[in-house]
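Sequence lines set the chain letters: A, B, ... in the order given, protein chains first and strands last, and positions in each chain run from 1.
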Amino acid sequence: MNRFVGIVLFLSVTLLLSCNYQGSSSQKKTITIAGSTSVMPFTEKMSEHFMVDHPAIVVDVQGGGSTAGIQACMNNTVNIGMSSRQLKQDELVLHEIIICFDGISIVVHPTNPINALTLKQARDIFSGRIKNWSELGWIHRKIDAVTREEGSGTRGSFEELVMNDEEIDDGIMVQDSNGSVKEVVATDPYAIGYISLGLVDNRVRALLIDGVVPTVKNIKAKQYKIVRPFLFLTKDIPKDNVKIFIDFVLSKDGQNILQKEGLIGIR
Amino acid sequence: MIRKSFTREHFVKWVLTAFALSSLLFLFLIFIFILFEGLPLFHKVGLKNIIFGFKWAPTKGYFGIFPMIVSSFLVTFGALCIGAPMGLSCAIYLSEYSGKKLKMFLKPALELLAGIPSVVYGFLGVVYIVPIVRNYFGGAGFSLLSTSIILGVMILPTIISISFDSLMSVPKTYREGSFAMGATKWQTIYKVVIPSAKSGILASFILGMGRAIGETMAVIMIAGNALKIPESILDPLRTLTGNIALELAYATGDHRQGLFSTGVVLLVIIMILNYIANFGIKRKVIK
């Protein structure tokens, strides 16, 4: 019995000490960021670089999705919210900072002979009016179109920029991340999907839209139209550590890092 | 000294009782939590519009999950078509034909099959089953057929172990009596052993169904998740579980509640299945 009491005492003391320890370590300043999973990997990269220069500040980056990020920012649960879509009417109270732009490219399997689509054809494919590759001048085979799930920022932007708020067809496959969409397109020769321009590599091929190649250059020249902003959101005008971090992201160094990742800087 | 061990005995009993009851508490809490989150939407949108609605667009105010209910049952039925004959044959072989040594080797191997994480099944499905279906049968490969195959394999351990137990519990005297009447081994099995173990075998199928309908990770990876009711076995589909897991990350407000409503429907379906398996069928065996 004595031994048992001893164990309980030991455990409770350890618990108390560990609470205490956390308290003392939180003297480091923490910036919490949450939101879009499209922006997250880039923000993580920025925070790694940032924390090297500012060892006293800890940047904690989490996902959750654009909508969740916006909500969290409104509720003051995070310092910065990330969004990969434009704000809606009731969300405009937030302070928004455009950190960069990202193109959405419509991708097919590398062996697909079709090189270009018009914006209207793309819309028709995803709204279910064009169902067969033969309608686009290839073989007689059903198009395996892939979209993102309801609520995703990439889907939101795609609906706005390509679909013109027409509905995406119910019979189209749904995957829950840029990575899974890419995986489906990379393995299925008859598939078509849309992903972030920064994630296009030799496993999938980006299509010309209305005759324009999706490249950083064409996006900067405003030739390629399927472009969305990546946003940082704050409840008030940023100050203190949050301001230092945002200034770093907007600085020349920060923007260079983003451009190396395939995004389009604001400069 | 006696007094001391007495208190210790009591203490241990008390602690164990508390833990045993806590599992009940968790079940209760989960149930309350899901109902609490999911029911308001039923009230708001209407039971009929959710369960029999054909359109799921939660950000635009449509919460119909009928296609997903149908898809969930289709996938479960498909899995049963593949898993039930295989599992039952395996159980019959194990209980009636195999030697002791082979049994000692096969049973743990089958239990290992149950221990493989579902994401591994999903991965195997994406890498092997999906391309095979696409190349030989057509369609995108992400389909009812691929999902049924993978789920069929996943429910094998459940079906095998429960049917095996019920086959083994058929008294030896039944078999001896049948042999004495001049029946061959196979005649004995399908005329005597299987009918006496019938309810246990049925229970194994229903528990297998419960496992198939509740499976999530593997299903998301290979089902294609399209919102329509599939028109052929080569069409993609979305199950109830898939719907929750796919969209929860981004969902807020009504959308989130819509996912919990999906959870409520799923919970009810699984509870009915378990009820049938436990009380409708197993009890008969005990009697």
Side-chain angles (χ1 to χ4, degrees), chain A residues 1-5 35-38 40 62-72 74-75 84-85 88 91 128 141-156 159 165 167-177 180-181 183-193, chain B residues 3-8 11-12 15 54-60 62-64 67 122-123 126-128 130-131 133-135 138-143 220-232 234-238 242-253 255-256 258-259:
Chain A
M1 206 57 199
N2 270 336
R3 195 196 290 164
F4 187 80
V5 171
S36 163
T37 47
S38 304
M40 188 176 77
Q62 292 162 16
S66 297
T67 312
I70 293 166
Q71 290 292 335
M74 282 181 160
N75 301 338
S84 54
R85 61 164 172 79
K88 290 173 188 162
E91 296 162 349
R141 171 68 164 75
K142 202 175 149 271
I143 298 175
D144 300 334
V146 198
T147 182
R148 290 287 305 281
E149 81 284 6
E150 188 87 22
S152 137
T154 315
R155 179 181 173 135
E159 278 176 346
D165 289 321
E167 272 175 32
I168 293 180
D169 185 49
D170 272 359
I172 281 174
M173 283 193 283
V174 180
Q175 294 292 329
D176 61 353
S177 68
S180 329
V181 172
E183 196 57 39
V184 172
V185 175
T187 50
D188 181 351
Y190 311 103
I192 185 167
Chain B
R3 172 100 187 110
K4 205 171 178 183
S5 76
F6 179 74
T7 36
R8 179 178 289 182
F11 183 74
V12 168
V15 168
F54 274 83
K55 192 174 160 70
W56 172 264
T59 49
K60 296 177 190 78
Y62 296 97
F63 297 93
F123 189 64
V126 171
V127 177
Y128 295 106
V130 167
V133 169
R134 176 167 56 231
N135 294 335
F142 296 88
S143 59
I220 296 187
M221 291 171 81
I222 48 187
N225 307 317
L227 282 165
K228 245 187 1 208
I229 298 176
E231 284 158 8
S232 80
L234 299 175
D235 278 352
L237 78 179
R238 183 186 297 192
N243 189 43
I244 300 174
L246 205 64
E247 296 190 354
L248 194 59
Y250 284 105
T252 49
H255 186 184
R256 198 177 133 87
L259 297 180

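- The heavy-atom pair separating A/V174 from B/N225 by the smallest distance is O-ND2, 2.9 Å.
- Considering all non-hydrogen atoms of both residues, A/G171 and B/A226 come closest at O-CB, 3.5 Å.
- Most heavy-atom pairs under 4.5 Å with chain A: of the set B/H255, B/R134, B/R256, this distinction falls to B/R134.
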Would B/R238 and A/E149 count as a salt bridge (charged side-chain N to carboxylate O under 4.0 Å, His left out) here? Give the steps. CA-CA 11 Å; B/R238 183 186 297 192; A/E149 81 284 6; over 6 Å; no
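- The side chain to side chain contact (heavy atoms under 4.5 Å, CB included) test applied to B/Y128 returns B/L124, not counting sequence neighbours.
- Using a 4.5 Å cut-off on side-chain heavy atoms (C-beta onward), B/M221 and A/Q175 make no contact.
- B/P131 does not touch chain A: none of its heavy atoms, backbone or side chain, sits under 4.5 Å away.
- At distances below 3.5 Å, at least one donor-acceptor pair connects side-chain atoms of A/R141 with backbone N or O atoms of B/G139.
- For the side chain to side chain contact (heavy atoms under 4.5 Å, CB included) test with B/L227, the passing option among A/D169, A/T147, A/D170, A/I168 is A/D170; the others fail.
- A salt bridge does not link A/R148 with B/E247: every distance from a Lys NZ or Arg NE/NH1/NH2 to an Asp or Glu carboxylate oxygen is 4.0 Å or more.
- Of the listed residues (A/S36, A/S152, A/A68, A/G153), the one with the most heavy-atom contacts under 4.5 Å to chain B is A/S152.
- Both the backbone and the side chain of A/E150 come within less than 4.5 Å of a heavy atom of chain B.
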Show me the donor-acceptor pairs within less than 3.5 Å that the side chains of residues 184-193 of chain A make with the rest of the protein, sequence neighbours left out.
unit_1	atom_1	unit_2	atom_2	d
A/T187	OG1	A/E183	O	2.8
A/T187	OG1	A/V184	O	3.2
A/D188	OD1	A/Y190	N	2.9

